[in-house]
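Input: a single structure, listed below in structure tokens.
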Amino acid sequence: MLRLITKHKEYGEFKSPEFALRSSHFYAAVLSSPSEFAIGLTISRKTGKAHLRNLLKRRVKAWLRLQRDVLPSGFKLNLVARSGAGELTWQDLCQELTDLTGQLRARS
RNA sequence: CGGGAAGAUCAGAUGUCCGCUGUCUCCUUGCGGGACAGAGGAAAGUCCGGACACCACAGGGCGGGAUACUUCCUAACGGGAAGCUGCAGCGAUGCAGAGCCAGCUCCACAGAAACAAACCGCCCGGCGCGCUCCUUUUUUCUGCCGUUGAGAGACCGCAGUUUUUAGUGUCGGGCAAGGGUGAAAUGGUGGUGUAAGAGACCACCGGAAACCUUGGUGACAGGGUUUGCCGGGAAUGCCUUAUCCGGUGCAAUGCCAAAUAGGGAAGCCAGGAAGCGCUGCCCGCGCGUUAUGGCUUCCGGGUAGGCAGCUUGAAUCCGCCCGCGAGGACGGAUCCAGAGGAAUGGACAUCAGCCGCCGCGCCAGCGGCGGACACAGAAUCCGGCUUACGGUCUUCCCGCCGG
RNA sequence: GGUCCAGUAACUCAGCGGUAGAGUAUCUGCCUUUUAAGCAGAGAGUCGUUGGUUCGAGUCCAACCUGGAUCA
């Protein structure tokens, strides 16, 4: 099942990840976690101004909602936005996130 | 039509599907259904001012900070309105604003001097050197002509002769007109005057100050009289004068409060030594004080976490009255985000607007295609300022063309 | 969210309103068999940006930009 990480302490676990995934605009630190798919978002000020950061967060959440039935289970990950991620269009964002989950599914 | 100036206003709309936050409500109480509401003009920068909260505080002074034409508005302001003066602009308009007649300080380079000054210069005097020629004037003498007179002589003219002055250097003094320096050098023009000069004096012009007067609440403006009063700049240099200001900020502050580890109290148990009793002594037992340790209970501080503060307010809209205006008074209506790793997104369609490109048309315009549709995301709340930015409308100014 | 600093040469910093400086680094000579050290010299600045005050701003004033620190 899908779960968003909203507690400060839980983000501390990502300081020593099991493995990491990279794409051109994102970085994901991954831990294994049985029978759930937990995701946290980290979007720093370098990504863009406040309205761009909010837009990116909402779009990632919307994408997760659309894909909730086909997400792989057994992972806990922190998705970090890199510079330039705020300027992505909706179509490019979907493509990149789908590629990332493809990498994740190959690991499991 | 083109180029400007000032102000006001909007920040796409509608529908369908999936999804988020809050409040209310319904029942089959479960991560249920329904209704309603859900970012901005700047939410930004955090540059000012308040509300509110806690801390400090007799009163006053010094120190520190802020502000600075006038009158007003306001809870308050460094904000705003209406004016005044100066500057810029052909103009609509815009920008600036206490005081260098309290004192101190600074003004590079250049220049004599940024002060009460003198380099060149103009003038006077002393001393030294020099003194060619011409002209003019005055004086002395001589000659000639003329006039007058009896004469001596006097007068006029011409010629000659002699002396002095006019040059330069230096010293002392006077002057501030001219030259030159600079961003800036002591009001301007003409005259009188003087050795040369100078508002030293005079006329006119330009300012300034004092007094009187008219208008204005006032800044100030107009008029008149008098005074030669007329020497820069910098207070966004120190400063002076006037007014205002205690500090910290919702991560303020208050309440509830887990686990773990500390603190305090009580009880029980263990436990070493002093004392008392049984008993005069020893052992033993009991009572009992007190280090220490353990357990239980209670209290207090307090962390994670939760709740309050948290959105009804100098509020918004409408009407009417007062005021040139900023704004104020009254009446009515409305409740309009309250999140807390932080809520507004995604997909599709239609219409409107804007922008870009292409095609047609003499122009106005018409058609098609495309567009993360400008800047940008509330975090205690208000009043401003500043900065970013897409349109629309109104009023005004200038230029050109046509009637 | 609040508060407070800083910005000058490639780097670290000075700078009394009057011609922008020091050390390190770089480059070029000299020295040395060569390098290092040493000696001599050179180049390199929109003083974060834009306005204002001033005759004249790195400096004074205002607005903005970019970094950083701090408060649980």
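Chain naming here is simple, since letters A, B, ... match the order of the sequence lines and numbering starts at 1 in each.
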Expressed as a whole number of Å, how far does the C1' atom of B/G41 sit from that of B/G3?
30 Å
Among B/A376, B/G19, B/A343, find the nucleotide with the atom closest to the side chain of A/Asn54.
B/A343
Are the side chain of A/Glu96 and the backbone N or O of A/Ser23 linked by a donor-acceptor pair below 3.5 Å?
no
Distance in angstrom units between A/Leu55 CG and B/G345 P, rounded:
8 Å
In whole Å, I'd like the distance from the CG atom of A/Leu56 to the P atom of B/G346.
11 Å
For B/U71, the nucleotide meeting Watson-Crick or G-U wobble distances (both under 3.5 Å) is B/A81
Using the C1' atom in both, what is the distance from B/A88 to C/G52, to the nearest Å?
15 Å
Could you work out which one of B/A343, B/G19, B/G346 sits closest to the side chain of A/Lys57?
B/A343
For B/U168, the Watson-Crick or wobble partner whose two distances fall under 3.5 Å
B/G128
Please classify the nucleic acid contact of A/Trp63 as base, sugar-phosphate, or nothing, using heavy-atom distances under 4.0 Å.
nothing
Compare the minimum distances between each of B/A347, B/A342, B/G377 and the side chain of A/Lys61, then state the nucleotide with the smallest one.
B/A342
Nearest whole Å is fine: how far is B/G377 C1' from A/Lys49 NZ?
12 Å
Using whole Å, what does the distance between atom P of nucleotide B/A43 and atom CZ of A/Arg53 come to?
19 Å
Starting at atom CD of A/Gln67, determine the distance to atom P of B/A347, rounded to an integer number of angstrom.
13 Å
Contact check, side chains of A/Leu104 and A/Leu77, non-hydrogen atoms, under 4.5 Å:
yes
B/C250 - base-pair partner by Watson-Crick or wobble geometry, distances under 3.5 Å:
none
Inter-nucleotide P distance (B/G341, B/U292), Å rounded:
47 Å
Reported CD1-to-NZ distance for the pair A/Ile39 and A/Lys61, which is rounded to 0.5 angstrom:
11.0 Å
RNA chain B nearest-nucleotide lookup for A/Leu41 and A/Leu66: closer to the 5′ end is A/Leu41
Could one point to a donor on the side chain of A/Arg58 or the base of B/G19 with an acceptor on the other under 3.5 Å away?
no
Close side-chain approach of A/Phe26 to A/Leu100, heavy-atom, < 4.5 Å:
yes
Please state how far atom CZ in A/Arg65 lies from atom C1' in B/C17, giving the value in whole angstrom units.
14 Å
Do A/Leu56 and A/Leu41 have side chains that get closer than 4.5 Å, going by heavy atoms?
no
Scan every strand shown for a Watson-Crick or G-U wobble partner of C/A40, both distances under 3.5 Å, and answer none if you come up empty.
C/U28
In Watson-Crick or G-U wobble terms, both distances under 3.5 Å, what is the partner of B/A51?
B/U380
For B/C373, does the O4'-C1'-N9-C4 (purine) or O4'-C1'-N1-C2 (pyrimidine) torsion place it in syn, i.e. within 90° of 0, or in anti?
anti
Work out how far the C1' atom of B/G128 is from that of B/C156, and round it to whole angstrom.
46 Å
Name the orientation of the base relative to the sugar in B/G30: syn if the glycosidic angle is within 90° of 0, else anti.
syn
Using both distances under 3.5 Å as the test, list the Watson-Crick or G-U wobble partner of B/G149, or none.
none
Taking the minimum atom-to-atom distance to the side chain of A/His51, which one of B/A372, B/G377, B/A343 wins?
B/G377
4.5 Å side-chain heavy-atom contact, A/Leu64 and A/Leu97
no
Using the purine O4'-C1'-N9-C4 or pyrimidine O4'-C1'-N1-C2 torsion, is B/G153 syn (within 90° of 0) or anti?
anti
Expressed as a whole number of Å, how far does the C1' atom of B/C100 sit from that of B/C123?
39 Å
Distance between the P atoms of B/G167 and B/U132, in whole angstroms?
15 Å
Measuring only the P atom in each nucleotide, how far is B/G284 from B/G272? A whole number of Å is fine.
11 Å
Paired nucleotide for B/C1 [Watson-Crick or G-U wobble; both distances under 3.5 Å]:
B/G399
Between C1' of B/A372 and CD of A/Gln91, the distance in whole Å
10 Å
Closer than 4.0 Å, any side-chain N/O of A/Arg59 to the OP1 or OP2 of B/G346?
yes
Let me know, please, whether A/Trp90 or A/Thr42 comes out on the 5' side of the other along RNA chain B by nearest nucleotide.
A/Thr42
Between A/Leu55 and A/Trp90, is any pair of side-chain heavy atoms under 4.5 Å apart?
no
Given the 90°-from-0 boundary between syn and anti, C/C16 should be labelled syn
In C/A69, glycosidic geometry as syn within 90° of 0 or anti otherwise:
anti
Any side-chain heavy-atom pair from A/Lys57 and A/Asn54 closer than 4.5 angstrom?
yes
Measuring only the C1' atom in each nucleotide, how far is B/A198 from C/G58? A whole number of Å is fine.
48 Å
Checking N1-N3 plus N6-O4 or O6-N4 for Watson-Crick, or N1-O2 and O6-N3 for wobble, each under 3.5 Å, the partner of C/A69 is C/U3
